[in-house]
Amino acid sequence: EPEVTQTPSHQVTQMGQEVILRCVPISNHLYFYWYRQILGQKVEFLVSFYNNEISEKSEIFDDQFSVERPDGSNFTLKIRSTKLEDSAMYFCASTPLGVGPEAFFGQGTRLTVV
Amino acid sequence: DQQVKQNSPSLSVQEGRISILNCDYTNSMFDYFLWYKKYPAEGPTFLISISSIKDKNEDGRFTVFLNKSAKHLSLHIVPSQPGDSAVYFCAASAGAGSYQLTFGKGTKLSVIP
């Protein structure tokens, strides 16, 4: 069964460093998303991406964050200067066109900022 | 600002019995609702959804009920199995081209053999 894959599964980075989280969405899906879950809190929407541009973003997704689809398969989330409070599980998700908002999630990348 | 609320952080049910997980929402713009299941160290897995034009949707052992006037939905699992033990998240979407999901905090279901 097709699935969303994320790499790495765990990333440790120093505060102030740039980090790139990578995702390969399901191949025939057209909407891509990043969500995050801080330990003990709910899953929060960060950004959605369609047709090579951001379609929606939350207040969390400030200038420190960016997304890119550098080729036909990868979808990346970059955090330019990480802060301690960026430590969280980051989930990539994707949705096919014309079905509804049912998003299929990857297994997540645990980001730890020290 | 909790637009989607799951007021029970945990629920324990005997194997074979019914599990009922509840969810309330406050945003009247929500018109599509979803349930996800999550195991530790995995991403959320989509279970079942319901559009606001319906009041019930069924898929095997899982049924979701929607009461729009009460802004309440519930997920029924019958019969409950030990493999159903996980955290269940309610999520909602506001439609009108928005696929952004707003999640509740989750309910941890434990199915006791």
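These numbers come from the heavy atoms of this one structure, side chains and all, not from hydrogens, waters or symmetry mates. Below, chain A is the first sequence line, B the second, and so on; all start at residue 1.
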Counting only heavy atoms not in [X] (residues, nucleotides, ligands), do more than 12 fall under 6.0 Å from its [atom1]?
X	atom1	value
A:Leu39	CG	no
A:Glu85	CD	yes
A:Asp63	CG	no

Distance (rounded to the nearest 0.5 Å) between [X] [atom1] and [Y] [atom2]:
X	Y	atom1	atom2	answer
A:Lys42	B:Lys105	NZ	NZ	7.5 Å
B:Gln100	A:Lys57	CD	NZ	12.5 Å
A:Glu44	B:Thr102	CD	OG1	10.5 Å

Handout entry: Residue part contacting chain A, namely of B:Ala41, when any heavy atom lies under 4.5 Å
Key =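 Answer is backbone: N, CA, C or O of B:Ala41 sit under 4.5 Å from chain A.
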Problem - Interface moiety of B:Phe89 toward chain A, non-hydrogen atoms closer than 4.5 Å - result: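 The answer is the side chain of B:Phe89.
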Handout entry: Any donor-acceptor pair under 3.5 Å from A:Glu102 side chain to B:Leu34 backbone
Key =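 Here the side-chain-to-backbone pair does not exist.
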Practice task
Indicate yes or no for a side-chain donor-acceptor contact from B:Tyr99 to the backbone of A:Phe32 under 3.5 Å, with no hydrogens or angles considered.
Solution key: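 Side chain of B:Tyr99 to backbone of A:Phe32, a donor-acceptor pair under 3.5 Å: no, none is there.
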Exercise for the section: Please report the C-alpha distance between A:Tyr35 and B:Leu101 in whole Å, then the side-chain angles of each, then the deciding distance to 0.1 Å, and finally whether the side-chain contact (heavy atoms from CB on, under 4.5 Å) criterion is met. Expected result: CA-CA 9 Å; A:Tyr35 287 80; B:Leu101 297 179; 3.2 Å; yes
Practice task
Decide whether A:Phe61 and A:Val19 are clustered together by the hydrophobic rule: side chain heavy atoms of Ile, Leu, Val, Met, Phe, Trp, Tyr closer than 4.5 Å, transitively.
Solution key: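 A:Phe61 clusters together with A:Val19.
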Exercise for the section: With sequence neighbours left out, write down each residue that passes ring pair (Phe, Tyr, Trp, His ring centres under 6.0 Å) with A:Phe91, or none if nothing qualifies. Expected result: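 With neighbours one apart ignored, the set is empty.
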Practice task
Find out whether B:Tyr36 and A:Phe105 are in side-chain contact, i.e. whether some heavy atom of one side chain is under 4.5 Å from a heavy atom of the other.
Solution key: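 Side chain of B:Tyr36 against side chain of A:Phe105, heavy atoms only: contact under 4.5 Å found.
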Handout entry: Non-neighbouring partners of B:Asp84 that pass salt bridge (Lys or Arg N to Asp or Glu O under 4.0 Å), sequence neighbours left out
Key =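 Once residues adjacent in sequence are excluded, the partners of B:Asp84 under the salt bridge (Lys or Arg N to Asp or Glu O under 4.0 Å) criterion are B:Arg61.
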Practice task
With a 4.5 Å cut-off on heavy-atom pairs, point out which of A:Gly108, A:Gly106, A:Gly100 contacts chain B the most.
Solution key: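 So the answer, after comparing A:Gly108, A:Gly106, A:Gly100, is A:Gly100.
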Exercise for the section: Check each atom of A:Ser48 against the heavy atoms of chain B and say whether the ones under 4.5 Å are side chain, backbone, both or neither. Expected result: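 Contact with chain B involves no heavy atom of A:Ser48 at all.
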